[in-house]
Amino acid sequence: MDPDREVLDAEWLDAALLELEDDIHWDAVPMLERAERYERQAHLLGDEMMVARARLSQANMRMRSGDVAEAAQRIWHIHQWAVDHDARRLTARTHLIWAAIHRHLGDAAQSLEHALLSVELLDETATGHMHIWHRAKLADALAFAGSYETARERFDQAERLTTELNRPDLRLYVLNNYAYSEHAAGNYAHAEQVAERLRVLADTHNFVLDATVLDTIGAIELGNGRYAQAEQTMLLCIEKYQLIRRDDADAMPEYLLNLARAQRGLGAYERAQLSLDDSRRLCADRELGHFMVQVHEEQAELHAARGEFAEAYEAHKSFHAAYLALRSRQREAQARTRQAMFETAEARQEAERFREQARRDPLTGLRNRRFIDEQLSRLIGTDPDLTVALVDLDHFKRINDQLSHDVGDQVLVQVAKILETELAAVSPDGFVARMGGEEFLMVLPGCPTPRAGRAVDSIRRAVGAYDWGGITHGLPVTISIGVACVSESEKLTQPGLLSTADRNLYAAKHGGRDRVVCGVPGPDRSRSYRDRASAA
């Protein structure tokens, strides 16, 4: 059976995506493959939201596997879709991943800004996992930015939430991140206190500490000079890692490096050299330049501890050369990622510009019929006091015939300016659009017929009172207007509302022009919308 067609059940796919989103996954590559399969299934179901969720999970896994530039490029499109569709939960998740991307780039300020947004966007639609984990990652970002006191407050807040929501499993990883951030800041005593709470939690709930957590504990023991304990912890860490056969390229080299440091601290130089050699071999095989730098540094320390100062000097030179090469590669990677982000942002801005242009009338600059079709149906369904007014220029054919089409265009542009300016004064949330030819539509949200009629009539008078001499050389310019409110429309649809306004416009035209007609049309004005030629 085609694996893409195995599951075409929306409820199942929603739950599967949630599991991918609300869990801490260490194996990025298989999770990426799963997210790609979920995207194909979401396409088959025709569910755009689940497609976007699957794509965001893919961006997350790409970043986790080291392809930061590709993740950065993809996330722009997902974020824009989420914002356009008011998908608040999805938007919050995009900012969380963005925070991690900027952390990879070494940009603490941007990382913190996105982490803050990922928390600010949390609402009743957010899952319990999100409420906890987004705050924990905000704490990570604060610590990365050097705001340690505030970071501790956020870690404490996230930990309290794990208790309130009965998520001791997440508390374990909140404490792990908390302990690691204190260790990274050099606060070894506080890191040890947090690590002890972590151990007590694991004992209480019979949690088996995985390699990631054991590595944190071992690093803290190293920082506090407890080398014998650190060696035992790192040996257990490596044993746990080998049992699960996880395919993390840089995990084992790091564990072996910490083991070598602990053994050097114990004075067990031969064991330390063996551990360091194993780490070096893996770094070379997997081209892990960032860890190879640390291997060279540790080799220099190990030579110095054994009194081999000439060898220590040579190892230090190798460390320095590797460090410079690493910084160069990091700058290149950062440049590629930033370029990818810039190009994607530029493309998005260009797309938005064309999208905006497609919804504007090129002559008058007003909104056009496409914009009306996008917005009016939504307003009709949510605003019982919505009123629309169809506007038509009186005797516009005479202006074109007697003066020229160029003068006619000038009149249309000026009428558009008057309508837009006057409408903004009486209905700030409203808008004016050009329907086509000499016909316009004014939309007045939250404005029932009596008030709308008075407002629209003042606009009609403003058009007639304008000094048209410089454009039409004496020919008057007036407008007729048909008004309709949602509450008076026969059908709560866009065609129904416009049909009512159109029949009132027809009545205004045939009642003498230069006037406004409101209310429910009588039997003598029973033409349906667009059932007439353009009025003269």
Side-chain angles (χ1 to χ4, degrees), residues 23-28 64 100 103-104 111 132-133 135-144 146 148 151-152 154-156 158-159 162 167-244 246 248-266 275 279 282 288 290-291 294-295 298:
D23 206 349
I24 300 171
H25 300 283
W26 305 112
D27 298 334
R64 295 273 303 278
R103 183 166 183 169
H104 276 286
S111 178
I132 294 166
W133 200 240
R135 286 172 172 84
K137 300 311 287 183
L138 172 57
D140 282 345
L142 285 162
F144 182 50
Y148 299 113
R152 291 182 187 118
R154 290 296 180 175
F155 276 124
D156 289 340
E159 188 182 357
T162 63
R167 292 295 303 271
D169 55 325
L170 277 181
R171 186 183 177 200
L172 184 77
Y173 289 106
V174 169
L175 288 172
N176 179 68
N177 284 22
Y178 191 178
Y180 186 83
S181 71
E182 292 292 342
H183 167 266
N187 302 320
Y188 300 130
H190 193 192
E192 181 62 38
Q193 293 172 10
V194 179
E196 182 57 32
R197 286 164 54 198
L198 191 157
R199 289 191 190 93
V200 171
L201 175 69
D203 290 342
T204 302
H205 293 276
N206 294 317
F207 290 146
V208 177
L209 298 180
D210 64 22
T212 304
V213 177
L214 288 169
D215 180 51
T216 298
I217 294 172
I220 292 168
E221 290 168 340
L222 271 172
N224 284 309
R226 294 161 55 201
Y227 302 118
Q229 287 177 283
E231 182 184 31
Q232 293 306 309
T233 300
M234 293 314 303
L235 287 170
L236 180 59
C237 167
I238 291 168
E239 180 186 340
K240 294 283 187 186
Y241 181 82
Q242 289 172 331
L243 284 174
I244 61 172
R246 184 178 292 153
D248 293 336
D250 56 2
M252 184 62 85
E254 181 179 13
Y255 300 157
L256 287 165
L257 184 58
N258 276 339
L259 177 61
R261 288 166 175 158
Q263 291 164 336
R264 173 173 58 84
L266 284 172
S275 299
S279 181
L282 288 173
L288 301 175
H290 55 302
F291 276 119
Q294 298 179 57
V295 168
E298 178 58 25

Could you tell me whether the side chains of H205 and R171 share a donor-acceptor contact shorter than 3.5 Å? no

Applying side chain to side chain contact (heavy atoms under 4.5 Å, CB included), can you list everything that pairs with A185, at least two apart in sequence or on another chain? Y148, N187

Do V194 and L198 have side chains that approach each other closer than 4.5 Å (heavy atoms only, starting at C-beta)? no

Provide the closest heavy-atom pair for A158 versus R135 in the form atom of the first, atom of the second, distance. CB-CB, 4.2 Å

Within the 4.5 Å heavy-atom criterion, are L209 and L172 side-chain neighbours or not? yes

What about the rings of Y178 and H190, do their centers lie closer together than 6.0 Å? yes

Any side-chain donor paired with an acceptor under 3.5 Å for D210 and Y173? yes

Qualifying residues under side-chain hydrogen bond (donor to acceptor under 3.5 Å, both in side chains), relative to D156, sequence neighbours excluded: none

What pair of heavy atoms forms the shortest contact from F207 to P168, and how long is it? CE1-O, 3.6 Å

Side-chain donor-acceptor pair present, Q294, R261, cut-off under 3.5 Å: yes

Counting only heavy atoms not in F144, do more than 12 sit closer than 6.0 Å to its CZ atom? yes

R197 side chain near V200 side chain, heavy-atom distance below 4.5 Å: no

Which pairs of donor and acceptor atoms, one on a side chain in residues 213-223, lie under 3.5 Å apart (sequence neighbours left out)?
| residue | atom | partner | partner atom | Å |
| --- | --- | --- | --- | --- |
| D215 | OD1 | N258 | ND2 | 2.9 |
| T216 | OG1 | N176 | OD1 | 2.8 |
| T216 | OG1 | T212 | O | 3.4 |
| E221 | OE1 | A230 | N | 3.3 |
| E221 | OE1 | T233 | OG1 | 2.8 |
| E221 | OE2 | R199 | NH2 | 3.1 |
| E221 | OE2 | T233 | OG1 | 3.4 |

